[in-house]
Every structure is written in structure tokens, then in C-alpha cells.
Amino acid sequence: MVPQFTDAERAVHFPTDRKFFIALKPSVWMIIIFLFLITVGFAWLQYLLYGLPVLPALPKAPHPAYPSGFPVWLRLSHWVNFFFLTLIIRSGISILMNHPRLYWNNSCKPSSAWIRFTPLKTPTKKYWTSKEDARYISPMLALPGYRNTIGISRSWHFLTVPFFLLNGLVFIFLLLYTNQWKRLVPGTWEVFPNAWHVFVHYATFHMPAEPNGFYAYNALQQLAYFSVVFILTPVAMLTGMAMSPAIENRFKWFPKIFGNRQGARSVHFLVMVAFVGFILIHVLLVMLTGFTRNMNHITMGTDNNSSTGVYIGAAIVLFVISFCIYAHWASWSKARKIQKWQAAINGTLWRYTINRLKPTSRFEKKDITPYFWLNGNMPVSEEWKKQATEDFIYYKLKISGLVENPVELSINDLKEMGKEENITMHHCVQGWSGIAAWGGVSLSKVIALVKPRPEAKTVVFYSFGEGLFGGTYYETNTLENCLKPQAILAWEMNYKPLPPEHGAPLRLRVENQLGYKQVKWIRSIEFVSSFKNIGKGFGGKDEDDEYFDLLADT
Ligand SMILES: Nc1nc2c(c(=O)[nH]1)N[C@H]1C(S)=C(S)[C@@H](COP(=O)(O)O)O[C@H]1N2
Ligand SMILES: [Mo]
């Protein structure tokens, strides 16, 4: 079921090489083998030397110290959670494949990746963009799948996250409000040795004696559920937030909880792997330990062997699968709606919270990363090429639109206005980052010079280069955002003239925004009342053509 792609879309989204590929660094293999040996290996050793450990008896009937049965809110939130988690994981996989490499360092040099989902260890092409580097993923596995679909996959991811969170908060609140928390929160440190003893059973292919899950869980089960609710989910949230430029620019310490932005991204991925691992084992054990009874627990809230629970469970799973098929269809037929919904919900949330704080974070010289990925098609325009051969001495930046004083400025004119220097982190929407020193004129000075009229609310930056599907690359920013201290027009990168591949002669830096706002090869600037009449009207080339986040003013 390949959507009706045009030829250009097909070339981008459905490349000829669609093989799934995964490679880990040897040191990562060593860690996995080591972890396997100290868990499964020791379990076997203990079993062979001392036999199976004895497990404490757990109640099989109502017990005053344990909650009894599963109230309706708990059953509901369990399935609501399943629904949103499915969407979050599937869209997350799509996002991951847009930059199919994970690192522990901010430099993101391809060869430093600890895991990659592309056969290309080190790209050999001189101008190799991160959009070219993206990999295909089957829509059976990911939402919406295919290649270079980050706009739509992010829309799904962020549309579902607030509901997933809300459901989780209601769940935790009711858990604590009732005595159901006793199911998940261990009452004694004995839970650790007991969990190990249960693990020795599983690892050596013995089923431990079953408590009745209606009243109590075994120690390993309890620890697993506890970790999912109280460790995995919060870590997923924190690592997700640590990747955001809006947060990093207000709270520089935040990504450092995980080392750096890439550490956060790697941990975010590992949390996903843990979730998937948990779901697989959880479902398997539900099946192996009295499937019909267990299904009645979690659907009907009854503790018997009638087949109703299995039917309801199957119906819910069918519903979730149907929704995934619908979401696949909607990703192509209703992409604009999904993009707008996402912006309406999260844009509003952000506007009232983080956006009110001033972006400030700056880095130091020692933080500058030796590697900096490239993105965007190099300009093919003759005008730019000619100017490039002349070192841009005849270049004139045209500033027009709703201003009192339209101007044409050479790079020298701009230099005379004074230089601002910023060492900042670049956050590409696809996942990579880099830290560089940028030198250029503060946008607020340029704005003061041209004197925008009161109707001017938005600033458009037009490039010499083209977008992924052709046509002039442009992005807009609110006038307000352009007045923030970190907004500069840069002609220097790392204390040297801006190299052609990074946007010579002039590029935008607005560090509280994602990478796609940092227009390279700027040809002209226009002040307008709204971005609605520019391009397709969504605020930028990537928003127009690739459904990127509509967040004009973070
Ligand atoms: N003209 C133009 N500017 C652009 C792009 C583009 O495609 N065309 N891509 C953007 C994106 S998505 C990123 S991540 C940054 C990358 O900047 P770099 O190549 O200097 O790393 O440029 C931004 N500016
Ligand atoms: Mo990007």
C-alpha cells in the first residue's frame, strides 16, 4: 500500500535501497555479552550449584495487606496507555530513522555512533546532507514509515505525548489515592533478592509458582511494573525534553543530566527498547500464566475463566491495529490537519510556558565540536555561483517589505554595524547536534536600521538554495523572536569566514529554534504582516513541503 507519491516524493520517501540495517560498535557488543553473562550466566550457575531458590508464598485469595482485583479506572488506563504507547513508539521509530545514528557526544561524527541503522559507517561524499543520510523504514513498523517523513512522525509523536502523559498522571493519582499502589511499590528491600530468585526460575526455563495476579504479583513482576511506571516513563519524558532547543537555551544544565543532548537521545532510544522488551515479555507471560483468567482481570475486572476477557482484549487489539492503519492513511491524506493539530496543542502549551523565558544559554570555546553535519541543497543558482567565485564582494543583502527604510547592504556594510559572537548548540530536527561559534551582526541592529512599520509582524528569510523538493528555500520568524539577543546574521563560523557549504555569504542563527529555521545562503529579507501569503503559507519551506512543526515563535 504505497501512497500515491509523485515522482519527486517517491525518490525521497521510497528509495531503491530499503533494506533494514543495524550495526553496533564492538564495545557495545561486549557490554551486551557482559550483561547477559552476569544475569543469565549467574542464574544458571546458582541453579546448577544450589538448585532452584525457594520463593516466598504469596496470597491466592483476598488478603488485608494487598489490594483486591482491578478497579475500572485501572483497567481503562491500562488500555488507553497501550493505545498511546503504540503510537508513540511507532512514530518514534520513524523519527529515529531520519538520523539513523546514535551517539554519546554532541559532535555527532558519523564514525562515533555507538549504534547505526545505516550501512554507511562514514559518508564518503564531500557534500553529504543529513537528509540524504536518512533511512527508509517499513510503514508496518513505524508511523508513518518510509524515508524523510520526520514532519509527520513528529506530529504524531507530539500529538500523542500529552494524552499519554495525562493518562499516566490520572493513573498515578488514582493509584496513590486507592491502595492499588501496593501492587507496584515494593514494601520491603526483600523484593530484590526475591526478584533475583524469580529470575533464576525464568532464566533456567522454570515457571515460578504463580501467585494470583488478582491479589499480588511476584517480586520480579512487581519490580518490572514499578520500573515501567516510575522509572522508564519519567526518563522518557526528561530525555525527550532534553533534546529541545527551546529548553536547552533556557536551562543549559538540563541535557547535562544525560551527559549532553546526544546522551539524552541515546537514553530516549534505550527507554524505547526497554518498553518494547517489556511489552513482549509481559504479553508472553500473560499468555503463559493463565491467559483467560489474566484477560478477565485486566478487561472485566473479574477473576474467573469465562472467555469474555479474551474477546474484549482481542477487540481492543483490533481497534489499535485499525487505528494504526487509519493513522497510516491519514499521514498522507490528512497530513496538513495533523500538522495543525499538533501545533495547536503543543504550540499553545509552549507559548504559555517556556516561550515566556528569555533564551540565553551560551557555550564556551572548548565546547565547540570538531564535526558539524550539513543539511540543505547547495544553491544551483548562477547568481550565487558567480558571487561565490568573487568571494561575495558584489553581494548585496536586500531588505524590503513593510519597513520605513528598505536597504541593500554588502557584507562590509553589515560588518560596519558591529559584530556579535555566539557559541551555541545547533539542534537539527532530525536528531544530530553540533556546537559552533557564530559571528555576525545582531538582527536587532538591522531591524533598528530598516525601521519596520507597525503592521510588520513576521520576518521572511529567502535563500539562494532550494528545498528538498525544489523551489526557493525560505523560513519565517516572528519579529519578536528576531529581536531576541541570540538572533544574528552570521558571516563567520568558528572564527573563519562562513564556508560555502555552511551558508556563505550569510546565514541566520536563531538558537532557540530547530535547525531548519537557520536559513543558509540568504539572498534577501522581507518584513510582512503574516507568513500566510508567503510560499504555501505555513511559515517556511520545510513546513510547507515536509509538514515540519509550525512553531514560529518558540
Ligand atoms: N537554504 C537552506 N538553509 C537551510 C536548510 C536548507 O535546506 N536550505 N536546511 C536547514 C537545516 S534542516 C539545518 S539542520 C541547517 C544545517 O546547517 P549546516 O548545514 O550549516 O549544518 O540548515 C538549515 N538551513
Ligand atoms: Mo535540520
Side-chain angles (χ1 to χ4, degrees), residues 22-32 34-35 88-89 91-118 121-122 130 133-134 150 153-154 157-158 161 227-228 230-278 354 359-373 375 423-436 511-512 514-515:
I22 181 167
L24 291 157
K25 272 207 160 162
S27 53
V28 179
W29 278 117
M30 306 270 277
I31 293 171
I32 294 174
F34 174 76
L35 287 177
I88 291 178
I89 292 176
S91 54
I93 295 172
S94 247
I95 295 173
L96 172 69
M97 298 309 274
N98 260 267
H99 188 67
R101 309 169 189 269
L102 291 164
Y103 324 81
W104 298 107
N105 68 83
N106 272 332
S107 204
C108 301
K109 192 170 179 193
S111 59
S112 75
W114 63 270
I115 186 170
R116 67 187 145 89
F117 305 90
T118 165
K121 188 172 178 186
T122 315
S130 88
D133 197 56
I150 188 145
S153 43
R154 276 172 67 91
H157 209 63
F158 297 129
V161 161
S227 314
V228 165
F230 294 105
I231 300 176
L232 283 191
T233 309
V235 171
M237 282 177 49
L238 294 176
T239 48
M241 288 162 66
M243 285 184 268
S244 152
I247 291 184
E248 192 272 325
N249 270 280
R250 273 85 173 189
F251 312 105
K252 194 177 143 188
W253 51 269
F254 196 92
K256 290 192 180 157
I257 306 174
F258 307 97
N260 49 57
R261 183 185 188 223
Q262 295 305 320
R265 185 166 170 261
S266 289
V267 174
H268 201 69
F269 166 78
L270 290 173
V271 166
M272 185 275 285
V273 172
F275 263 119
V276 172
F278 170 80
I354 185 102
T360 51
S361 115
R362 286 173 194 216
F363 288 80
E364 287 163 37
K365 224 169 166 172
K366 65 169 175 41
D367 301 319
I368 293 175
T369 55
Y371 195 85
F372 207 101
W373 271 85
N375 222 351
I423 304 179
T424 52
M425 186 193 287
H426 178 99
H427 302 70
C428 175
V429 74
Q430 293 179 264
W432 56 270
S433 47
I435 299 173
E511 305 299 343
N512 57 334
L514 284 162

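This one's a predicted model, so the numbers in the text were calculated from it and none came from an experiment.
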With a 4.5 Å cut-off on side-chain heavy atoms, are [Y] and [X] touching?
X      : Y      : result
Leu514 : His427 : yes
Leu270 : Thr239 : no
Asn512 : Arg250 : yes
Arg265 : Leu96  : yes
Ile89  : Val276 : yes
Trp373 : Arg101 : yes
Ser244 : Phe254 : no
Gln262 : Cys108 : yes

Is the terminal nitrogen or CZ of Lys109 (NZ for Lys, CZ for Arg) located under 6.0 angstrom from the six-membered ring centre of Tyr103 and within 45° of that ring's axis? no
Distance alone, cut at 3.5 Å: any donor-acceptor contact between the side chains of Asp133 and Gln430? no
With a 3.5 Å cut-off and no angle check, do the side chains of Trp432 and Ser130 form a donor-acceptor pair?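 Yes, a side-chain donor-acceptor pair sits under 3.5 Å.
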Looking at Ser433 and Arg261, what are the two nearest heavy atoms and their distance? CB-NH1, 3.7 Å
Please enumerate all residues that pass ring-ring contact (aromatic ring centres under 6.0 Å, His included) together with Phe117, with sequence neighbours excluded. Phe269
Please report the interatomic distance CD1(Ile93) to CE(Met272), rounded to the nearest 0.5 Å.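 So the gap between those two atoms works out to 4.5 Å.
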